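Predicted, not measured: the structure shown is a model, and the values here were computed from it.
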Amino acid sequence: MRQLSALDAQFLHAESATTAAHLAGVAILDAARSPGGAVTRDDVVRLLRERLHLVPALRLRLAEVPFGLDRPYWTEAAGLDVADHVHEVVLPLPGDESQLADEITRIHERRLDRSRPLWEMHLIQGLSGGRAALYTKVHHCAVDGMSGVEILACLLDLTSEIRPVPAPEPPGPPPPAPDPGEMLAVAVARSVSHPARALRSLGRLAADLDAIPLLGALPAARAVAAAARLIIGGEAELPEMPPLVAPPTPFNGPISARRRFSYGALPLSEVKRVARTFGLSVNDVVMTLCASALRSWLRERDVLPAEPLVAAVPVAVRTAGARGGAGAGVGNRLSAMIAPLATDVACPLERLRVTGEAMRRAKRRFAAAPATWLDELSAVLPAPVTAVATPAVFRLASIVLPPINLIVSNVPGPQFPLYLCGARVLGYYPMSVLTDMTGGVNITCFSYDGSLGFGVLACPDRVADVWRLMGHLQEAMDELVELAGTADTHPAPPAEPAAVAVADPVTVPAAPAPDTVAVPDTATATAPIPVTVAVPTSA
């Protein structure tokens, strides 16, 4: 058995009556043009049965420690039948984008059953144009973005021909059931040593104090962090971070269990053109698009704060060694950069410049000393206290002083077509988690085959018209393309520091595991699919 890390358990405990803590995504399939003329539930089940041995995260279930005295363990799910996790639904006519988003929302609102492996797939038929959609969700305690992309890679093919996969090793005897007495003994031992571990976590937490939202704005935060880094043997002087305090917005406050989802895509070539013209990165342009869209939405309602919004940008820190061996791809290896969004800047060109500077500063800081404060903060309190206190702390923080306004993730993906059950994947739109503490809106994007697909998830109590945000993203893209078209020369900003993967999900490594499809982010785009933002007028 393998025990959940403190961060894994934090994602588990964050779940409440109003928070479903799973990562998800929807793949749009050109089912009618597949060799079989359709993609059926039986096709998906057959594919999963053939490749389940390649995906450890889908074969595990939770084993709870008696009385909740310690973090749960992962154990092999005996007698697992993937058919129990695959569902099918047919949309009514006309099968448009708005209907698909509504159906996905209903599925996404439901929490996963903890007595089983923590994942589900839903094949959604009846989309217009002979298309189908495959919605997949996996609990965040089981995967981060990198391992989520690796799961997807195991199921995809490079052509419409389904590649054969070598059969797994003959199964051995079924794994023994977790021994409650053994788990209790470990829990007692861990409780005795917890004070020492907590002190170490507090020391490392202090070293990142100036990069933590809210705490970093305290007057002595920078001096305390520098002193802590000297004590633990780190660099005392690091790139300075601005003190960031999230301003009040309609996005922040207690959320309900309801969700709304919108999605759409922008041409990746246009995003890259803007980046090249102004000497920025693709991620800088993505952050500017989000800042512009949020600014427009807030201005429409006359609630635009004078200060910049504060965003958390997930960063994958999974090492190559963590990708192999038993239990590879299970659990979380991530941190977060906290950065301002230039929603307070009226001029689009200046907004682009300010965003680029803010992201370069955050990247330089992270490259010099990758923040571990998410892990350390999760490990400070004993496991039983964390399990009980997390939902209440998140709720209280949303009312008193939210640390951030929202989460924005940009995920580099493959720039060539992929196939699922013989059907070409036309687009992929990711979805993440909403909590009281992190705000009632989350924007995630994934680049694939020449397009940048956006998934916007929101609580309707906070953002009722989530499709309007998608419209503002398109307007922001048009604005930047016009600026790039009229620009003569613009000085390039200072060179980027060492590359930092700015995403929760990270591209599958160029050296793939056996029998998986590599999904490198450096692939050349071939035959990009023209996909436009769908903004139903009835939403």
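- Atoms OG and CD1, from Ser34 and Ile162 in turn, are 9.0 Å apart once rounded to the nearest 0.5 Å.
- No donor-acceptor distance shorter than 3.5 angstrom exists from the side chain of Arg49 to the backbone of Val82, with no hydrogens or angles considered.
- The distance from atom CE of Met359 to atom CE of Met337, rounded to the nearest 0.5 Å, is 4.0 Å.
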*Just do the side-chain contact (heavy atoms from CB on, under 4.5 Å) check on Val186 and Val65 with the steps written out, would you?*
CA-CA 10 Å; Val186 173; Val65 176; over 6 Å; no

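- Each of Phe446, Tyr263, Phe261 was checked for a ring-ring contact (aromatic ring centres under 6.0 Å, His included) with Tyr429, and the lone residue meeting it is Tyr263.
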*Start with the C-alpha gap between Asp42 and Thr40, add the side-chain angles, then the distance that decides, and say whether side chain to side chain donor-acceptor pair (under 3.5 Å) holds.*
CA-CA 5 Å; Asp42 289 342; Thr40 67; 5.0 Å; no

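- The two residues Val286 and Cys445 make their nearest non-hydrogen contact at CG1-SG, 3.7 Å.
- Inter-residue side-chain proximity for Asp449 and Pro417 is flagged as met; some heavy-atom pair is nearer than 4.5 Å.
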*Between Arg333 and Asp144, does a salt bridge (charged side-chain N to carboxylate O under 4.0 Å, His left out) hold up when you go through it step by step?*
CA-CA 7 Å; Arg333 301 288 188 278; Asp144 57 21; over 6 Å; no

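- Checking Thr105 against Asp102 by side-chain atom types alone, no donor-acceptor pair falls below 3.5 Å.
- Residues Leu434 and Arg462 are not in side-chain contact: their nearest non-hydrogen atoms beyond the backbone lie 4.5 Å or more apart.
- Without hydrogens or angle criteria, His13 side chain to Val385 main chain gives no donor-acceptor distance under 3.5 Å.
- The aromatic rings of Phe11 and His140 sit parallel, their planes meeting at an angle under 30°, below the 60° perpendicular limit.
- Side-chain N or O atoms of Tyr135 include none that pairs as donor or acceptor with a backbone N or O of Glu103 at under 3.5 Å.
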*Are Leu158 and Leu418 close enough, and set up right, to give a side-chain contact (heavy atoms from CB on, under 4.5 Å), and what steps lead you there?*
CA-CA 5 Å; Leu158 294 171; Leu418 294 169; 3.7 Å; yes

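- A heavy-atom distance below 4.5 Å is not found between the side chains of Leu23 and Val138.
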*Walk me through it: do Leu118 and His22 pass the test side-chain contact (heavy atoms from CB on, under 4.5 Å)?*
CA-CA 9 Å; Leu118 296 174; His22 42 254; over 6 Å; no

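- For Asn332 (side chain) and Asp8 (main-chain N/O), no donor-acceptor pair under 3.5 Å exists by modelled atom type.
- Here Leu396 contributes atom CG and Asp436 contributes atom CG; the two are 10.0 Å apart, rounded to the nearest 0.5 Å.
- The backbone N or O of Gly25 lies less than 3.5 Å from no partner atom in the side chain of Thr136, so there is not a single donor-acceptor pair.
- The side-chain heavy atoms of Val44 and His87, taken from C-beta on, include no pair separated by under 4.5 Å.
- Here the closest non-hydrogen pair linking Met287 and Ala311 is CE-CB, 4.5 Å.
- Formation of a donor-acceptor pair under 3.5 Å by the Arg46 side chain with backbone atoms of Cys421 is not found in this model.
- Side chain of Arg71 to backbone of Gln3: no donor-acceptor contact under 3.5 angstrom is found.
- Side-chain atoms of Ser193 come within 3.5 Å of backbone N or O of Arg190 as a donor-acceptor pair.
- Considering all non-hydrogen atoms of both residues, Thr19 and Arg111 come closest at O-CD, 3.7 Å.
- From Asn442, atom CG reaches atom OG of Ser409 across 6.0 Å, with rounding to the nearest 0.5 Å.
- With values rounded to the nearest 0.5 angstrom, Arg41 atom CZ is found 12.0 Å from Leu134 atom CG.
- A pairwise comparison of heavy atoms in Ser201 and Glu376 identifies OG-OE1, 3.1 Å as the closest pair.
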_I'd like to know whether Ile212 forms a side-chain contact (heavy atoms from CB on, under 4.5 Å) with Leu205, so could you lay out the CA-CA distance, the side-chain angles of the two residues, the decisive distance to 0.1 Å, and finally the verdict._
CA-CA 9 Å; Ile212 301 175; Leu205 197 60; 3.9 Å; yes

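- Between the Arg260 side chain and the Asp461 main chain, no donor and acceptor come within less than 3.5 Å of each other.
- For the pair Phe394/Ser16, no side-chain contact is recorded, criterion being any heavy-atom separation below 4.5 Å from C-beta on.
- Side-chain contact check for Thr386 and Gln10: no donor-acceptor pair (N or O, by modelled atom type) lies under 3.5 Å.
- Residues Leu58 and Pro117 are not in side-chain contact: their nearest non-hydrogen atoms beyond the backbone lie 4.5 Å or more apart.
- Residues Arg259 and Cys459 approach most closely at NH1-CB, 4.3 Å, considering heavy atoms.
- Taking each heavy atom of Met183 and Glu64 in turn, the nearest pair found is CE-O, 3.5 Å.
- Glu88 places no side-chain N or O within donor-acceptor distance of the main-chain N or O of Gln125, the cut-off being under 3.5 Å.
- Residues Glu76 and Leu60 have side chains in contact (heavy-atom distance under 4.5 Å, counting atoms from C-beta outward).
- Atom CG of residue Leu7 and atom CG of residue Leu12 lie 11.5 Å apart, to the nearest 0.5 angstrom.
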*List the steps and the verdict of salt bridge (charged side-chain N to carboxylate O under 4.0 Å, His left out) for Glu120 and Lys137.*
CA-CA 6 Å; Glu120 286 179 1; Lys137 63 179 175 182; 3.8 Å; yes

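- The closest side-chain heavy-atom distance from Arg116 to Arg61 is not below 4.5 Å.
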